[in-house]
Amino acid sequence: MKCIVLVGYMCVGKTTVGKALAKSLGLTFYDLDWYIEERFHKRIPQIFAEEGEERFRDLERRMLREVAEFENVVLSCGGGTPIHHGNMDYMNGVATTVYLQASPTTICEHLKISKGERPLLKGKTPEELEKFVREQLAQRTLYYEKAQYTVNVDILDDYDKIDDVVRLIRTKLSLLSESI
Ligand code: S3P
């Protein structure tokens, strides 16, 4: 089976859903940020701080081209992956792409409780954060919507709903009967 790639804005639940989807299908899970961190022995915020976003986007482009061609894996991308270096067209060519779509309100709610450090959001007040998320999501949606499938994840307000989202994705991808 071709790689299933999950795309979408920061904090929509790509990693959580990706892990659960991989488990339910008996596939291996990869997270592109984690893959980059392991390969380069540096955390993402450290790469941004020491080498800048441009360097990060270059590493992201290269690592994506390694992982997205693996078979029998689920891959969660970073929120910015589809936006840069023609990555979205590339992913559509080699993998099955799924956009996890959430409203700015849902995203801001998730960001409030998220523990991960996100360089692009660092140091913003709640008001600035909300404005930034709305504007950036509006710009990025054009790229996310190029994915072959779209699944709305606004229902994902607690962990009980992960299985529902996994079922939605499996239904869209006609993978309901494949269970391991
Ligand atoms: C980014 C999202 C992050 C990470 C980096 C940049 C973005 O991944 O790749 O901080 O540009 O949206 P998550 O979407 O997993 O937070």
Side-chain angles (χ1 to χ4, degrees), residues 3-22 28-68 73-91 95 97-124 126 128-147 150-154 156 159 162 165 169:
C3 175
I4 300 172
V5 184
L6 304 184
V7 302
Y9 200 73
M10 288 177 260
C11 258
V12 293
K14 298 182 296 285
T15 303
T16 311
V17 171
K19 270 189 202 164
L21 178 67
T28 306
F29 174 71
Y30 282 90
D31 179 285
L32 190 58
D33 281 344
W34 297 352
Y35 192 80
I36 296 169
E37 291 183 336
E38 266 188 34
R39 280 290 296 271
F40 294 93
H41 307 286
K42 274 190 186 180
R43 306 298 315 279
I44 303 296
Q46 201 186 348
I47 300 175
F48 268 77
E50 291 175 3
E51 304 179 51
E53 181 172 353
E54 212 177 302
R55 165 77 174 152
F56 171 73
R57 296 302 173 195
D58 183 49
L59 299 180
E60 183 181 50
R61 174 185 64 81
R62 284 161 43 200
M63 294 307 100
L64 174 69
R65 278 156 182 75
E66 276 189 26
V67 190
V73 306
V74 174
L75 170 67
S76 293
C77 288
T81 313
I83 320 305
H84 299 271
H85 297 300
N87 290 339
M88 195 65 222
D89 290 338
Y90 164 74
M91 291 189 278
T97 52
V98 183
Y99 169 30
L100 300 189
Q101 177 194 50
S103 70
T105 311
T106 303
I107 291 168
C108 289
E109 285 303 313
H110 289 186
L111 280 170
K112 277 185 214 154
I113 49 170
S114 151
K115 289 194 221 80
E117 196 188 322
R118 293 183 163 83
L120 296 179
L121 307 177
K122 212 172 152 195
K124 294 198 180 350
E128 286 167 345
L129 190 70
E130 174 132 15
K131 185 168 180 286
F132 180 86
V133 167
R134 284 185 188 278
E135 287 174 1
Q136 195 178 49
L137 181 63
Q139 290 160 6
R140 289 181 166 188
T141 299
L142 198 75
Y143 295 86
Y144 296 149
E145 284 180 343
K146 286 186 176 182
T150 296
V151 173
N152 185 276
V153 291
D154 282 318
L156 207 58
Y159 277 87
I162 294 168
V165 172
I169 298 174

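We count ligands from 1, going down the list as the structure has it; atoms in each ligand are counted the same way. Fair warning: this is a prediction, and the values are worked out from it, not measured in the lab. This chain uses plain numbering: 1 for the first residue, then up along the sequence.
Ion pairing between a basic and an acidic side chain is recognised when a charged N comes within 4.0 Å of a carboxylate O; Glu60 and Arg57 show such pairing. Salt-bridge check for Glu66 with Arg62: failed, with every basic side-chain N at 4.0 Å or more from each acidic carboxylate O. With salt bridges taken as basic N to acidic carboxylate O contacts below 4.0 Å, one links Lys42 and Glu51.
For Ala102, the side chain to side chain contact (heavy atoms under 4.5 Å, CB included) partners two or more places apart in sequence, or in a different chain, are Val12, Thr106, Ile107, Val153, Asp154.
In this structure, Phe48 and Phe56 have tilted ring planes: the angle between them lies in the 30° to 60° band.
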Report every pair formed by an N or O atom of ligand 1 and a protein N or O atom separated by less than 3.5 Å, giving atom names and the distance to 0.1 Å.
from     : atom 1 : to     : atom 2 : distance (Å)
ligand 1 : 8 (O)  : Asp33  : OD2    : 2.9
ligand 1 : 9 (O)  : Asp33  : OD1    : 2.9
ligand 1 : 9 (O)  : Asp33  : OD2    : 3.0
ligand 1 : 11 (O) : Arg57  : NH2    : 2.7
ligand 1 : 11 (O) : Gly80  : N      : 3.4
ligand 1 : 11 (O) : Arg140 : NH2    : 2.8
ligand 1 : 12 (O) : Gly80  : N      : 3.2
ligand 1 : 12 (O) : Arg140 : NH1    : 2.7
ligand 1 : 12 (O) : Arg140 : NH2    : 3.4
ligand 1 : 14 (O) : Lys14  : NZ     : 2.8
ligand 1 : 14 (O) : Gly79  : N      : 2.8
ligand 1 : 16 (O) : Arg118 : NE     : 2.7
ligand 1 : 16 (O) : Arg118 : NH2    : 3.3

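Formation of a donor-acceptor pair under 3.5 Å by the Asp89 side chain with backbone atoms of Gly86 is not found in this model.
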